[in-house]
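Contents: one structure, followed by commentary.
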Amino acid sequence: MLEARSVNLHYGAAQALRGVSMVAEAGKITCILGRNGVGKTSLLRALTGHQPISGGSIVFDGQEIERLRPYERARRGIAYVPQGRDVFPLLTVEENLHTGYAPLKRAQRYVPEEVFDLFPVLADMMRRRGGDLSGGQQQQLAIGRALVMRPKILLLDEPTEGIQPSIIKDIGRAITYLRDTAKMAIVLVEQYFDFAHELGDRFAVMDRGSVVFSCGRDDMDEGALRRALAI
Amino acid sequence: MTFFRFIAAGIFLLALSLSAPIARAQDFAAALADFTTDSFSDTEKAVTTIATSGNPRAADVIQALQDGRLFFTTEPKAVFIRTADGKFADAATGQAATPASPRPVRLNNRLRRSVDAALGGLTLLSPDANKRLEAAISVFRSRDAAALPTLDTAIAKETNTRVKRALTEARAAVILFKTDASETDKLDAVAVLRARGDQEAKALLSSLPADSPTNVKTAAQSAVAAIESNLALWATAQNAWYGISLGSVLLLAAIGLAITFGVMGVINMAHGEMVMLGAYTTFVVQEIIRTKNPALFDYSLLIALPLAFCVAGLVGIAIERGVIRWLYGRPLETLLATWGISLILQQAVRTQFGPTNKEVGNPSWMSGAFEVGGLTITYNRLWIVCFTLAVFVGLLAMLRFSRIGLEMRAVTQNRAMAASMGIRTGRIDALTFGLGSGIAGIAGVALSQIDNVSPNLGQSYIIDSFMVVVFGGVGNLWGTLVGAFTLGIANKFLEPFAGAVLGKIAILVLIILFIQKRPRGLFALKGRAVEA
Amino acid sequence: QETIKVGILHSLSGTMAISETTLKDVMLMLIEEQNKKGGLLGKKLEAVVVDPASNWPLFAEKARELISKEKVSAVFGCWTSVSRKSVLPVFKELNSILFYPVQYEGEESERNVFYTGAAPNQQAIPAVDYLAKEEKVQRWVLAGTDYVYPRTTNKILEAYLKSKGVKQEDIMINYTPFGHSDWQTIVADIKKFGSAGKKTAVVSTINGDANVPFYKELGNQGIKATDIPVVAFSVGEEELAGIDTKPLLGHLAAWNYFESIKTPANAEFIKKWKAFTKNEKRVSNDPMEAHVIGFAMWVKAVEKAGTTDPDKVIDALPGTEAPNLTGGMSKMLPNHHITKPVFIGEIKADGQFDVVWKTEGLVAGDAWSKELDGSKDLVADWVEKKCGNWNTKTNKCGS
Amino acid sequence: MITRTLDRGGWIFISILIAAAIIVPILNIATSPSSPLHIPSYAVALLGKYLCYALLALSIDLIWGYAGILSLGHGAFFALGGYAMGMYLMRQIGTRGVYAHPTLPDFMVFLNYKQLPWFWYGFDMFWFAALMVLLVPGLLAFVFGWLAFRSRVTGVYLSIITQALTYALMLGFFRNDFGFGGNNGLTDFKDILGFNVQAQGTRAALFVLSCVALGGCFLLCRAIVTSKLGKVLIGVRDAESRMRFLGYRVESYKLFVFVLSAMMAGVAGALYVPQVGIINPGEFAPSNSIEAVIWVAVGGRGTLTGAALGAFIVNYAKTTFTSGFLAPYWLFMLGGLFVIVTLLMPRGIVGTFRHWVAQRKAKKDAAKAEPNGAQPQAAE
Amino acid sequence: MEQQPRTTPALLYLDAITVAFDGFRALNKLSFTIAPGEMRAIIGPNGAGKTTMMDVVTGKTKPDEGDVVFDGSHDLSSMDETQIATLGIGRKFQKPTVFESHTVEDNLRLALKADRRPRATLFWRDSSEERDRLDAILTTIRMTPDRGRLAGALSHGQKQWLEIGMLLAQEPKLLLVDEPVAGMTDAETMQTAELLREINRERSVVVVEHDMAFVRELGVKVTCLHEGSVIAEGSIDQVSENQRVVEVYLGR
Ligand SMILES: Nc1ncnc2c1ncn2[C@@H]1O[C@H](COP(=O)(O)OP(=O)(O)OP(=O)(O)O)[C@@H](O)[C@H]1O
Ligand SMILES: Nc1ncnc2c1ncn2[C@@H]1O[C@H](COP(=O)(O)OP(=O)(O)OP(=O)(O)O)[C@@H](O)[C@H]1O
Ligand SMILES: [Mg+2]
Ligand SMILES: [Mg+2]
């Protein structure tokens with residue numbers, strides 16, 4: 001569904017991605033693992049179009065999209081939950097959710113019930129401003145907001161960061177639910193190994209801007225994976 | 001001194017002549033000849049004589065003189081009235097005539113007053129209520145005793161309450177200064193004036209002739225005291241109104257900035273120029289109307305409003321697409337670039353329209369004033385207040401309740417994230433900036449009604465606008481509203497004590513001190529959300 | 001071919017561009033015309049235009065540039081007093097000639113400056129006389145912008161009025177900042193002051209842009225010229241072109257020139273001006289006439305001196321006569337001011353003035369006002385005494 | 001000390017100043033006017049004026065570029081310094097005024113002052129005036145800054161109230177009752193320290209003095225920004241509250257540079273006045289202050305040399321554009337310049353240059369480091 | 001009010017703190033104490049008020065009610081951030097905040113314990129002691145190769161590390177650490193726990209964290225907050241047995 005083909009990415013003179021290739025398939029969870037600063041976020045930024053890539057190509061639903069602007073990619077169904085959440089601080093929770101309406105047809109402009117099923121706290125805080133929420137609440141809002149867009153693919157950047165254990169479990173359930181019921185493709189960037197391990201269908205480990213190890217759930221060698229991570 | 005003597009002489013003459021109109025009838029023709037010498041004093045003589053001649057054509061002639069429709073030729077000495085259709089009629093006979101190169105009979109202010117006074121006497125019984133009202137007012141001013149009999153007739157006949165009151169007041173004024181009026185009449189007159197209760201009544205009552213009866217004098221004194229306290233009350237109301245109207249001007253000028261600066265965070269130094277563009281649009285619209293279809297003049301502002309919105313809005317969009325969009329996230333650079341743009345726009349307008357002020361007229365519904373008790377409310381200010389509030393409410397509703405409003409706020413808070421939500425950030429940015437600019441443009445339409453239309457117009461509002469937005473609290477439309485009205489009203493209450501300059505300085509110092517108390521303005525956004 | 005350079009020092013941008021740009025155009029026209037007549041001393045004239053941008057220190061810098069770099073023979077320029085004050089030291093230091101075309105507060109006479117606009121006695125005093133005599137005014141509002149010209153003029157007028165027996169309580173003085181635009185309170189105050197039963201008039205030294213909102217407010221609050229006439233010293237045809245004049249009918253202005261004055265010279269000038277600017281709507285005004293007179297005088301003086309050497313021209317100028325556009329002959333006086341007629345005009349609906357009064361003959365400009373304590377003993381005479389502030393008490397120059 | 005303080009740009013800057021201070025007066029005084037090398041007096045005055053503007057820009061860069069305090073009212077301090085100097089120069093006129101009053105300046109005689117207002121006392125002495133040049137702007141900055149920084153007024157709020165400050169001062173100084181000559185300001189100066197202000201020698205001396213002042217202040221600013229205090233300031237600029245949590249008293253730091261910068265602006269004003277020959281309330285106009293900020297932005301914020309360079313370039317452009325056939329269109333050029341600089345050189349002229357150099361170096365390093373597979377190096 | 005400067009043996013003493021935002025009580029009569037030399041882990045659901053509690057201690061938020069006393073006698077609620085920091089309370093924020101246009105090294109240098117007055121910083125000199133401290137800290141946070149990079153160009157996790165480094169440099173008596181291991185790999189998490197334990201030898205530490213493995217690793221007393229109040233306190237095992245805690249926080 002979404003495929004990166006030997007993507008390069010530069011910040012000024014510094015290269016953050018070196019020929020990264022990866023595939024995300026519908027109904028599958030692709031986990032990207034790696035230490036701090038290896039380029040996981042950069043990869044997602046390349047996929048969503050926030051950072052122009054300097055080489056390679058990105059293919060979505062059979063079309064090359066690396067030249068499209070971020071909003072055009074969003075309209076095609078790529079939703080993004082960034083690291084650090086980036087909720088709209090001065091909009092209320094409700095308004096934050098409504099920003100997800102932009103790519104939708106008029107008839108679809110409502111917040112799907114499952115958002116509140118997954119994150120009941122959002123329903124309680126509809127009138128509070130996004131920026132006033134606690135860190136974990138903001139994370140939930142960010143995921144909920146992405147779901148409002150009814151995306152085909154969901155890119156999650158460390159969604160468990162700063163979340164209480166019970167909700168991590170909820171998020172895990174939510175992700176599985178989205179994969180299984182909505183047949184969404186999900187790309188999950190994670191540091192929390194157990195969480196990724198539990199959910200992932202495919203794994204890619206990055207180091208210094210390149211993918212150094214990858215495997216699927218079936219042919220997984222947990223030891224090798226852990227070793228790749230520990231470098 | 002001489003002035004009074006002159007008036008007295010006039011009154012005497014008038015009195016004399018009214019009592020014996022027929023005797024003076026033959027003077028009419030002779031008096032007309034005085035118009036042909038092109039001398040103010042001769043004209044004055046003619047007016048007095050004609051007014052008292054009792055000739056049925058007198059009112060016509062004097063009316064024509066007042067309207068500037070009275071013409072004369074020296075060879076032969078003759079006077080003509082120009083009728084509405086541009087034809088001439090002999091003043092003496094009323095018959096059509098075709099004079100060779102007639103010249104208008106000229107007036108100066110003194111003459112105009114004589115003409116008003118003369119007409120007052122002549123038109124007290126006019127069928128037109130407005131004319132009667134004007135006549136009553138001019139009799140009130142001239143306190144012309146000769147008009148008394150006519151006044152009495154007029155009062156008896158009058159059905160229009162407003163005119164009737166004016167007539168009664170005029171009568172009171174006359175009686176108060178009439179030496180031979182009875183004491184009870186005078187006391188009644190004092191009561192009438194006391195009820196009128198304005199500055200002019202007070203002036204009349206306090207300048208009572210020295211030989212008035214003591215009773216009348218004491219009644220007048222207490223009336224003056226009552227009027228004074230009444231006036232003081234009205235003065236406060238008046239100041240409040242002035243404050244509101246100044247506040248609405250400030251709000252109008254600032255409201256566009258509340259969007260481009262308050263919502264988008266662009267330090268938009270070219271905001272004033274958007275206002276200026278709106279004002280020039282009004283000018284152009286009026287200019288076209290004047291040449292093409294003068295009948296539409298009263299609608300000129302209504303036509304100009306959408307046009308000004310479009311012109312300024314489009315220029316705003318062009319600026320946003322061409323310059324500002326490269327500068328998001330670097331608000332201080334926008335200061336530099338928009339300053340440059342404002343210089344360019346100013347000079348462009350100067351090159352196109354010339355450096356001088358342009359005439360923008362007030363449509364009739366924006367001219368003049370009406371009185372509510374002791375309050376004078378000018379129509380243009382009233383309309384501006386209403387208009388400003390309407391714009392404010394409209395804008396507020398739009399930002400709060402419409403999709404585009406939501407998207408605007410989302411984009412300005414986090415552009416990258418908004419794009420990830422599928423919002424067309426570029427378009428929203430352009431629209432938002434265009435909206436702010438367009439609103440500045442319609443502010444220009446309104447401001448053209450009270451201020452200069454010149455290339456410098458914008459400059460004079462930019463500082464005040466920033467002050468209002470910041471004082472109210474950036475990013476909060478309500479803050480802008482309250483800020484503008486607070487500053488306007490404070491200014492107008494300070495001005496009578498401190499004078500215009502010190503008043504303004506005081507306001508600035510107050511703003512500086514106030515910000516210390518509330519470092520983020522009056523309606524500061526609070527909480528984590530802001531710091532995030 | 002060698003040319004004689006003439007400097008034009010008028011703001012083309014900034015707040016003063018409104019007034020000064022026209023003067024630049026007039027100068028260009030006059031120079032072009034003179035060149036058509038064959039130039040001066042057999043050479044062509046060349047205009048050097050600079051833009052001091054309504055910025056006073058920039059005036060000094062540009063004056064310096066004109067004189068030392070461009071080597072102009074004379075400069076025509078400045079509008080505000082402060083701009084003149086700013087360039088004065090430069091003209092003195094580099095010894096050049098400035099023609100200053102605008103009415104001003106007086107109390108100055110410099111060797112290098114020729115004042116072709118009105119001194120206070122050529123504008124303010126006759127206007128007040130007219131109001132007192134013709135309109136029987138007894139109560140006076142002196143309203144002005146807060147700077148030196150209105151302050152001085154009002155001081156002179158206050159002294160003058162008091163000498164005519166007007167009481168203090170019948171004089172109201174009010175100052176507003178530059179560009180003041182909210183006149184509601186002040187107009188209401190004037191209205192109140194004027195409703196005390198005595199005939200009241202406003203003498204306005206309100207400057208520039210502030211006039212438009214002032215008159216608009218007057219009109220809207222229903223103050224007509226027949227109630228409280230306003231006589232202005234800074235409102236001319238150019239300013240009226242920007243105002244809807246209907247509500248202003250009958251308000252007055254005092255000037256030494258009006259476009260509506262019918263003389264052959266004026267008709268000719270207006271025709272040329274409209275042709276030069278290719279604009280039928282361009283109006284003419286008093287400072288323009290001042291430049292016309294000043295330029296003619298300069299040309300005559302240069303011809304008389306046979307050179308453009310500043311010292312010689314400065315000496316040749318006093319006594320030079322040039323026709324003004326209203327039919328008289330203005331003369332440069334030894335105090336470097338000129339003789340001018342004074343007119344009072346009433347505003348007409350078409351934005352022009354109707355002259356309702358004029359002085360008998362021409363009035364000589366006084367550099368120093370008799371009404372002011374500091375000035376009353378001073379006279380200026382650059383011919384006999386070679387001094388701009390000769391003290392008649394001590395009979396010394398300067399002290 | 002100096003070696004630590006100055007980078008290469010700084011050395012170039014100081015060398016140019018020293019060279020100018022020596023060469024310009026020589027070429028002005030010692031060459032004949034016909035010589036091609038001659039620098040005419042008006043050019044000296046002009047350059048002197050630019051130097052004063054450069055100093056003003058420098059003072060703004062210190063607070064804006066390093067401490068993040070955007071003052072849109074710095075012209076006020078410049079003008080106050082100018083007025084202090086102007087008052088001294090007025091008092092030096094003595095009986096040479098038109099009214100020949102021994103103590104009162106002309107405008108006071110003119111406005112019927114009977115005696116000198118108290119705040120004019122002492123200005124007949126140069127040392128007093130010189131002290132006031134520093135003290136008056138410094139004190140105002142202190143009071144204003146103390147109030148504002150203590151209550152944590154930041155960002156645009158601070159900018160706008162600085163603007164209110166200068167605007168209020170402008171209105172005040174415009175008033176004739178204020179005792180500073182109203183709209184006309186102070187002008188027609190004669191002597192400074194006994195020398196004729198118009199004389200060629202005096203002008204040259206003032207020019208040299210301006211060079212010295214600019215150079216001195218530049219060194220001072222460099223010393224500050226390269227010290228740890230400079231790093232604190234940058235910290236304050238980027239994350240003020242974080243600085244507080246580290247235990248720094250942010251308001252003291254801000255106050256320190258703000259007052260210092262105001263004093264520098266005051267010195268600039270004081271040098272400016274005798275060279276242009278007039279000081280009037282127009283200098284307080286908010287637009288002047290904004291323009292000064294723009295010089296800094298054009299040259300490059302946070303570079304010091306850039307601020308001075310920006311002041312030079314913009315004012316030189318202004319001087320050239322306002323003469324001759326360009327005069328009616330010069331606003332187009334100036335406005336265009338601002339727009340183009342922001343779009344094409346977002347870091348200002350010097351900033352862009354530095355960035356470019358740094359980027360080239362980084363590219364070279366990256367190319368070198370590549371084979372070793374080192375961590376990607378960021379720019380700058 | 002009639003508060004006397006009270007003295008307590010505790011290093012940090014919170015008594016009945018209430019903080020409300022527009023009527024919503026983020027902290028509700030919160031009380032607990034930290035003994036000198038103690039390390040305390042604080043857990044609790046999202047929005048329980050943990051960060052707000054730190055805001056109160058560091059002076060960012062003023063409590064509506066209640067006392068905060070530090071080191072026996074200092075009433076923190078009447079002090080501003082700078083004073084509190086000078087007393088010796090250091091803080092790491094939940095969202096890493098570093099000085100983006102300074103290098104990693106300068107970030108640490110600014111944090112190094114030293115005289116913080118303007119004069120001292122103006123005439124400050126690099127000393128070898130200071131350099132050694134810096135090197136040591138850089139090694140500890142494993143950022144020696146990055147010392148010359150601008151902090152703004154660091155990745156999220158690197159900023160976390162840098163901020164911990166700054167906290168070390170400050171040498172405070174009490175460290176408040178808000179979610180230090182968010183975004184770290186498991187190995188790094190363990191390292192951080194190790195680091196904190198080391199720090200705790202000399203200083204008191206309050207850690208807020210959701211990572212139960214990490215908390216367990218720390219092996220210290222745990223306080224669980226919920227809706228602005230303490231609902232459980234004790235060893236990690238005790239707390240994780242607590243029904244309420246399981247219900248609102250750990251989940252089943
Ligand atoms: N805006 C930027 N400018 C320059 N360099 C950057 C920028 N953002 C990231 N980098 C660098 O690029 C590299 C990859 O960063 P990235 O944010 O993708 O890492 P990450 O894998 O997401 O790390 P973490 O787990 O800490 O979030 C890092 O070395 C980082 O320092
Ligand atoms: N300024 C504010 N205005 C309104 N509500 C606020 C404000 N600050 C915090 N809150 C609310 O107070 C509650 C406590 O927030 P706090 O950040 O302290 O939680 P936390 O325990 O740190 O949560 P997390 O683990 O998610 O970081 C939250 O519900 C939050 O929405
Ligand atoms: Mg990351
Ligand atoms: Mg938290």
Side-chain angles (χ1 to χ4, degrees), chain A residues 11-14 16 33-42 82-86 119 121 124-125 127-129 132-141 157-173 189-197 205 209 226-227 229-231, chain E residues 21-24 26 43-52 93-96 141-143 145-146 149-150 152-162 178-190 208-215 224-226 240 245-252:
Chain A
Y11 292 107
L33 306 167
R35 286 181 301 112
N36 291 140
V38 295
K40 304 181 295 294
T41 301
S42 304
Q83 192 167 21
R85 301 119 193 173
D86 281 353
F119 309 115
V121 69
D124 301 337
M125 306 222 154
R127 304 246 153 261
R128 198 166 307 176
R129 282 182 304 194
D132 285 343
L133 298 187
S134 81
Q137 293 164 340
Q138 289 187 7
Q139 186 70 55
Q140 302 176 33
L141 174 58
D157 199 349
E158 307 202 17
T160 60
E161 195 186 297
I163 302 271
Q164 69 185 79
S166 61
I167 297 186
I168 292 183
K169 290 176 194 158
D170 291 346
I171 292 178
R173 278 193 285 271
V189 167
E190 248 316 327
Q191 298 271 16
Y192 183 24
F193 183 79
D194 294 342
F195 183 72
H197 183 235
V205 178
R226 279 193 185 273
R227 248 173 287 125
L229 265 175
I231 332 171
Chain E
F21 300 105
D22 308 324
F24 172 81
I43 59 172
N46 294 128
K50 304 179 293 295
T51 303
T52 310
F93 289 83
Q94 183 164 5
K95 179 171 177 268
I141 59 173
R142 281 174 296 120
M143 288 189 85
D146 297 310
R149 293 179 67 194
L150 288 186
L154 297 179
S155 78
H156 185 77
Q158 289 169 320
K159 286 181 187 165
Q160 291 268 47
W161 276 108
L162 176 55
D178 203 352
E179 307 202 10
V181 300
M184 286 188 186
T185 57
D186 296 350
E188 288 170 332
T189 303
M190 294 307 136
V208 167
E209 194 40 80
H210 290 296
D211 187 332
M212 287 328 253
F214 172 77
V215 175
C224 182
L225 303 190
H226 178 53
S240 31
V245 175
V246 172
E247 196 177 306
V248 300
Y249 184 62
L250 295 173
R252 274 168 238 278

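Residue numbers begin at 1 in each chain, while the letters A, B, ... track the order of the sequences.
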- Between Ile163(A) and chain E, which part of the residue has a heavy atom less than 4.5 Å away: side chain, backbone, both or neither? both
- Do Thr51(E) and Phe93(E) come within less than 4.5 Å of each other through their side chains, counting heavy atoms only? no
- Please flag which part of Val181(E) lies under 4.5 Å from any non-hydrogen atom of chain A: side chain, backbone, both or neither. neither
- Query: Side chain, backbone, both or neither: which part of Gln139(A) has an atom under 4.5 Å from a heavy atom of chain E?
  - Reply: neither
- Beyond-backbone contact of Leu154(E) with Leu162(E), side-chain heavy atoms, under 4.5 angstrom: yes
- Name the region of Glu209(E), side chain, backbone, both or neither, that has any atom closer than 4.5 Å to a heavy atom of chain A. neither
- Tell me, out of His156(E), Met212(E), Gln94(E), who's got the most heavy-atom pairs with chain A below 4.5 Å. His156(E)
- Task: Under the ring pair (Phe, Tyr, Trp, His ring centres under 6.0 Å) rule, collect the residues that match up with His226(E), sequence neighbours excluded.
- Result: none
- Taking the side chain as C-beta and beyond, is there a heavy-atom pair between His210(E) and Val215(E) under 4.5 Å? no
- Task: Please name all residues satisfying side-chain hydrogen bond (donor to acceptor under 3.5 Å, both in side chains) with Thr41(A), sequence neighbours left out, ordered by chain then number.
- Result: Gln83(A), Asp157(A)
